[in-house]
Trainee: 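Quick one: the structure is below, questions incoming.
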Number of protein chains: 2
Amino acid sequence: MELRQLRSLIMLVESEFSVSRAASRLNLVQPAVSQHLKQLEEELGTRIFRRQGKRLVGLTDAGEKVLHYARATLAGAANLLAVGRDHVEEGTGVLRIGATHTQARYVLPPVIRSFREAYPAVEVQIHQANPLQLVEMAVNDAVDLAICTEALDRNPALTAIPSYRWNRCLIALPDHPALEARPVTLDTLCEYPLVTYVFGFTGRGHLSDTFARDGLRPHVVLSATDTDVIKTYVREGLGIGIIADLAYEEDKDADLGVRALSHLFPAEVTKIAYPKDKYLQRFQQRFIDLFQQEATRIIRSSRAR
Amino acid sequence: MELRQLRSLIMLVESEFSVSRAASRLNLVQPAVSQHLKQLEEELGTRIFRRQGKRLVGLTDAGEKVLHYARATLAGAANLLAVGRDHVEEGTGVLRIGATHTQARYVLPPVIRSFREAYPAVEVQIHQANPLQLVEMAVNDAVDLAICTEALDRNPALTAIPSYRWNRCLIALPDHPALEARPVTLDTLCEYPLVTYVFGFTGRGHLSDTFARDGLRPHVVLSATDTDVIKTYVREGLGIGIIADLAYEEDKDADLGVRALSHLFPAEVTKIAYPKDKYLQRFQQRFIDLFQQEATRIIRSSRAR
DNA sequence: CGTTCTTACGTGTGTCGTAACGATC
DNA sequence: GATCGTTACGACACACGTAAGAACG
């Protein structure tokens, strides 16, 4: 059994079972990959591919298990090489971060800035995705670190480090009556058309739960995956917005009224995660540290409101 | 990076850093292994071996990490092949069991018997060792399943399945006064010379703790790693014995008096363990099931006393 | 008929074994 | 000087690329 055979298997799966595409992505010719797959299946002595004619269209049950261990094997090999790189080309390489829109747009910029000062030779990549995608990307080593609030701590294959707590705030046009309520209650929020996140994004789960627990039905007129869209439509007068407090920017959002909502909803915890047993290079570890530092700064500044 | 290089690395470590021995154990010539190690070190770009002249004498810090991931990588590969074997040569292979003396001598025989009936083509190996060794053997894949009472659940790399509870009993020559005490107390046990297990073996830890908690100092005149030695010296009249109740055999030990001690000491739990994420072949899974069944039988028969 | 995988074949890389050399106790 | 390592070299294997053939829509 050879590592290249496993690479071919995995790339095949990630190429929707097109041998040709897998081959070109591996910088190989197609017959080479065919041979890898054939040899692997022969050595195992079991069908691992589902076929339609001579086309491969999926994995058998055995194949799924094989895929799992193939990933584990290559992950081990990758970690091994990472140990080497960490000791030699110190401070060079690639840092692949997976993050949701909220993180990428409002939290990461200052972290990235100080990281790039410390490690100018490291190429930083940010891959934006939704929480479920981020989990999968982290598990399959499509990113080195995943940052978001949901789902990360549900997967036992990941180590998730809690980084900071946040809550929501209400934004509205400055003259909107909702801003006047003392205090703002769940009922207040239900009186007006709401603009907030799509389910599964940025704490929307707990938000819906809270309304439901009080038997309330908020009138959501628009749900978006990112905060900028929400702000835009609040400015359009479509309704009042509920966003993550860390997404309210004192300077740029001065034209919007804001009220904290932390007394109404449970706090959310944003985490940073990576596969258990992954070898973290020094600059990756350093990035986590920087993120944690920045996180405490964020908390302080949004508490100030 | 090639798997054979990792095999050479691991075999080198397991051969006290003798390249020649590693080579012969791998059925290779010595220059081949030298080349593997050289290539590996070159590809990593870091020293991974500590050297004295041209002799390899140990690993650097980086080398230790490399070794860890090399093991993880090869474990993945082994699991992958196991998936294949499980689907093809169903019911053939090798089952390597690590067990303490008590398990091997008193618990396993009936399990092995029924397992061999079900899988006559599987070669069963029993490797006797102490609990700490068993943990290491399980982690390094020197055995497939490890069975003992201590230490197994302390290692996060292992899945440990609790199988059965047991406690101790007192054995003595039939006319010994200790057998007459109603009830037998810790004080009773301290009145006579004691023969029991060595620390670290077969529940000796909790035994000592219990005496210590009452401020008692039992008079241990002989400590052994296995029950047969204890029985032998009890028969010699050296003192009274404290052994695992499951090690008292109704038929063969009829010449010894016995009293349960479960009211004095905390129960012990024997576990069966294997590396997390190890692929268990069907017959391995079946062995665990058989062991669990036998375990419940044991409990019933020793409760009967 | 284009797409996709298989089969066939040649070339070049590289792995391992043999053998000679060097170092260390 | 015996043991254990490295270096040098050659033979065989094999992995990959090219090219032609076969199934599928």
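First the proteins, then the strands, lettered A, B, ... as listed; each starts at 1.
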Trainee: When you measure from the side chain of B:Arg204 to the backbone of B:Tyr197, do you find a donor-acceptor pair of N or O atoms at a distance under 3.5 Å?
Mentor: yes

Trainee: Please tell me which of the listed nucleotides, C:dC16, D:dT18, D:dT7, lies nearest to the side chain of B:Pro31?
Mentor: D:dT7

Trainee: Please list, in numerical order, the residues of residues 52-62 of chain A that have a heavy atom closer than 4.0 Å to any atom of DNA chain D.
Mentor: A:Gly53, A:Lys54

Trainee: Under 4.0 Å from OP1 or OP2 of D:dG5: is there any side-chain N or O of B:Ser34 that close?
Mentor: no

Trainee: Just the rounded figure in Å: distance from P of C:dT15 to CD of B:Glu43.
Mentor: 11 Å

Trainee: Does OP1 or OP2 of C:dT7 have a side-chain N or O of A:Lys38 closer than 4.0 Å?
Mentor: yes

Trainee: What residues in residues 4-27 of chain A put a non-hydrogen atom under 4.0 Å from any atom of DNA chain D?
Mentor: A:Arg4, A:Asn27

Trainee: Rounded to the nearest angstrom, tell me the gap between atom CD in A:Gln39 and atom C1' in D:dA13.
Mentor: 12 Å

Trainee: Is A:Arg105 salt-bridged to A:Asp228, going by a charged N under 4.0 Å from an acidic O?
Mentor: yes

Trainee: Considering non-hydrogen atoms only, spot the tightest contact between B:Ala62 and B:Thr46 and give its length.
Mentor: CB-CG2, 4.3 Å

Trainee: CG of B:Leu28 versus P of D:dT6: gap in Å, rounded?
Mentor: 15 Å

Trainee: Take atom CD of B:Gln35 and atom C1' of C:dG17, then tell me their distance rounded to the nearest Å.
Mentor: 11 Å

Trainee: Would you please indicate yes or no on a ring centroid separation below 6.0 angstrom for B:Phe283 and B:Phe287?
Mentor: no

Trainee: Where the side chain of B:Ala32 is defined as all heavy atoms beyond and including C-beta, which of D:dC16, C:dC5, C:dC16 is the nearest nucleotide?
Mentor: C:dC16

Trainee: Whole-Å distance between D:dT7 P and B:His36 NE2?
Mentor: 16 Å

Trainee: Is B:Gln30 near enough to D:dT6 that one of its side-chain N or O atoms lies under 4.0 angstrom from OP1 or OP2?
Mentor: yes

Trainee: CE of B:Met1 versus P of C:dG14: gap in Å, rounded?
Mentor: 16 Å

Trainee: Closer than 4.0 angstrom, basic N to acidic O: yes or no for B:Arg4 and A:Glu2?
Mentor: yes

Trainee: Which part of the nucleic acid does A:Glu2 contact within heavy-atom distance under 4.0 Å: base, sugar-phosphate only, or nothing?
Mentor: nothing

Trainee: Mind jotting down which residue pairs meet the salt bridge (Lys or Arg N to Asp or Glu O under 4.0 Å) criterion with at least one end in residues 55-77 of chain B? Sequence neighbours excluded, please.
Mentor: B:Glu14-B:Arg71

Trainee: In whole Å, I'd like the distance from the CG atom of A:Leu37 to the P atom of C:dT7.
Mentor: 13 Å

Trainee: Please answer whether the main-chain N or O of A:Leu40 pairs with a side-chain N or O of A:Glu43 as donor and acceptor at a distance below 3.5 Å.
Mentor: no

Trainee: Using 4.0 Å as the upper bound for N to carboxylate O, is an ion pair formed by A:Glu41 and A:Arg51?
Mentor: yes

Trainee: Give a yes or no answer on whether the side chain of A:Gln284 reaches the backbone of A:Leu95 with a donor-acceptor pair at less than 3.5 Å.
Mentor: no

